[in-house]
Amino acid sequence: MADIVIIGAGPAGISAAEVLCAKGLRPVLIDEGAQAGGQGYRRPADDLALDMNRLMGSEAGKYTALHRRFEMLRPKIDYRPRTLVWAIDGSQLHLLRDGQAQTLDFDKLLIASGAMDRVAPLTGWTLPGVFTLGGAQVALKDQGCLIGSRVAFLGSSPLLALAAKQYRDMGAEIAVIADTTPLAAKVAALPALLRAPRTLRRGIWYMAASLRAGTPMLHGVTPVAVEGENRVEALVLRDKRGREHRFACDAVALGYGLKPETQLADLARAEFAYDPGFRLHLPKIDGLGRARPGLYLAGDGVRIGGADAAEASGALAAHAILSDLSHPQDIEVVRRLARRVKRLRNFQRGLARAFAWPTAQIAALSDSVTLCRCENVTVGAVRAEMCREFGPIEVNRVKAMTRCGMGRCQGRVCGPALQEIVAAEAGQDGALAGRLRGQAPIKPIALAAAGYPT
Ligand SMILES: Cc1cc2nc3c(=O)[nH]c(=O)nc-3n(C[C@H](O)[C@H](O)[C@H](O)COP(=O)(O)OP(=O)(O)OC[C@H]3O[C@@H](n4cnc5c(N)ncnc54)[C@H](O)[C@@H]3O)c2cc1C
């Protein structure tokens, strides 16, 4: 039995553990990765000679500081790397550590599970050579390899220009950076973006760096197809005037911003509500990150806010735990953290407008496009099922009828696009289309680990 368990050793989980340790507590910190740091501050294996200072650019100082802080924290906590939490049952976690099944009971649980890419399907996105934008970054930061030698970046996300710069610095040629949101939307979102001027400056600097390098940058495009015989050979786009452009490339990185990884929060019985700004169903939390008694959520895993907001919200949730354990609190520190989290998360709302999720483009996808890669379900198959008399109009029913979202990824990849297709087809908004319920195991594991005879 552990008193306090934190899932996720990214900035949110690490700063939460620091606050708890400062009060003499010894939390368990679990992460499926071999190294702490999370996604943004991912640390490569020690034997990989990667120049992280160069790769992290203006964020190198924060990267180094977080890892230094973690090394100081490590002896004071029960740190369990390479440990996947694949299910939560009441107050018990089901873990898989180095292939071995374990359980762990907890009294208080803080989930800081981070985010993953939100992707919109297009014709040809199942070809070898198409990666998510985050996957392209993981390849670089975790394994020191590039997804291709001439890479096209497609989607709508501030991370497109950042990842393109990292790829360029590491020797790749950038075929194009293509954003589906018009430039005018970015200009309109400027007042909200000025809430975090430093981050805004950094974003503009990355875009300027791409222009200086001569990389074609398009805004307001409509993706047509990824083309290729057996692997990626080109990306075809339509510009605002309806003209088609073909960019030869050997890889495509696809990213439409991030979405919180909420499956664990779901299994831990958090309540959800639809957020029309992000067009996502998100767990409900109070101002400190409490989802219900004994359950706390922090970082990008509950609201996309970026690394700084993740750190502050992790510390804030740790203060909520301390308060619930009747530890005396410094109210001014808590207020300051809450203000910081609010400001940075509001900045992300501005980003969500400047780099919009392309609902209309998804609704207009042709029937032949693969929607669920795991189960090979097309957009047309979903529409056909919904068109039947008394056909389903809610995503979990659609999943039951078509197997869309029922495969290895459990709908983590196709879920957001499925929600838009269902909403458009039924003529309702995303709230009524519903959300795919979290199911254990949240990631693929061996049946034997789940206790099934093999
Ligand atoms: C692929 C990717 C790349 C990114 N790159 C950048 C970047 O270059 N620059 C930038 O500013 N932002 C980047 N971000 C944004 C980044 O999410 C945040 O800025 C920041 O890392 C959020 O911190 P966090 O602590 O909330 O989550 P994270 O840093 O994501 O940490 C969450 C941790 O939880 C662990 N975890 C999740 N689920 C489980 C489970 N079931 N069992 C055990 N452990 C689990 C993960 O292994 C991870 O280490 C990236 C995001 C993604 C998804």
Side-chain angles (χ1 to χ4, degrees), residues 5-17 28-43 52 55-60 62-63 66 70 80-88 93-97 104 110-119 131-142 157-167 196 199 202-203 206 253 255 257-265 267-268 289 297-315 317 341 344-345 348 351 410 412 438 440-443 445:
V5 175
I6 303 170
I7 304 173
I14 291 175
S15 60
V28 177
L29 179 59
I30 296 175
D31 200 294
E32 63 176 314
Q35 311 265 11
Q39 299 281 14
Y41 297 142
R42 178 176 287 273
R43 183 172 172 173
M52 287 309 282
L55 205 54
M56 295 303 295
S58 62
E59 298 305 281
K62 287 186 188 173
Y63 170 88
L66 185 83
F70 179 74
R80 304 190 189 181
R82 302 182 310 282
T83 306
L84 171 73
V85 182
W86 60 270
I88 302 177
L93 302 180
H94 289 265
L95 313 175
L96 198 63
R97 184 171 192 179
L104 177 65
L110 168 48
I111 303 177
S113 48
M116 69 172 279
D117 292 272
R118 182 154 65 158
V119 284
F131 288 72
T132 64
L133 184 63
Q137 278 195 308
V138 172
L140 190 56
K141 290 189 201 166
D142 205 58
S157 161
L159 293 178
L160 286 178
L162 165 67
K165 181 186 177 302
Q166 291 169 335
Y167 262 65
T199 312
R202 195 157 55 98
Y206 287 134
L258 302 172
K259 70 180 181 80
E261 284 273 43
T262 54
Q263 297 83 1
L264 288 178
L267 296 183
L297 308 175
D300 276 5
V302 61
R303 298 284 183 280
I304 300 301
D308 293 349
E311 275 205 58
S313 70
V341 170
L344 292 169
R345 285 185 176 159
Q348 293 289 331
L351 276 185
Q410 292 282 294
R412 290 160 70 231
I442 61 161
K443 291 189 184 169
I445 56 168

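Both backbone and side-chain heavy atoms feed into the values below; hydrogens, waters and symmetry mates do not. Atoms within a ligand are numbered from 1 in the order they appear, just like the ligands themselves.
- Contact between Thr83 and ligand 1 is present, with at least one heavy atom of the residue lying under 4.0 Å from the ligand.
- Proximity of atom 11 (O) of ligand 1 to the protein is not indicated, since no non-hydrogen protein atom lies closer than 4.0 angstrom.
- Heavy atoms of Ile442 found under 4.0 angstrom from ligand 1 belong exclusively to the side chain.
- Heavy-atom separations between Lys141 and ligand 1 include at least one value shorter than 4.0 Å.
- Contact annotation: for Ala310 versus ligand 1, heavy atoms closer than 4.0 Å belong to the side chain alone.
- Atom-to-atom distance recorded for Gln39:CD and Asp142:CG is 9.0 Å, nearest 0.5 angstrom.
- When heavy-atom distances to ligand 1 are checked against a 4.0 Å cut-off, Glu32 comes that close through both its backbone and its side chain.
- Taking every non-hydrogen atom of Leu162 and a distance limit under 4.0 Å, the qualifying atoms of ligand 1 come out as 7 (C), 8 (O), 9 (N).
- In this pair, Tyr63 and Tyr41 present their aromatic rings perpendicular. The plane angle is above 60°, beyond the 30 to 60° band.
- When all heavy atoms of Ala12 and Gly299 are compared, the closest pair comes out as CB-CA, 3.8 Å.
- Nearest non-hydrogen protein atom to atom 49 (O) of ligand 1 is Asp31 OD2, 2.6 Å.
- For the atom pair Arg412 CZ and Gln263 CD, the distance stands at 5.5 Å (nearest 0.5 Å).
- Ligand 1 lies out of reach of Glu261, whose nearest heavy atom is not under 4.0 Å from it.
- Scanning the protein for heavy atoms near atom 6 (C) of ligand 1, the closest one is Gly40 CA, 3.6 Å.
- Put simply, the side chain of Thr199 does not reach to within 4.5 Å of the side chain of Leu351, judged on heavy atoms.
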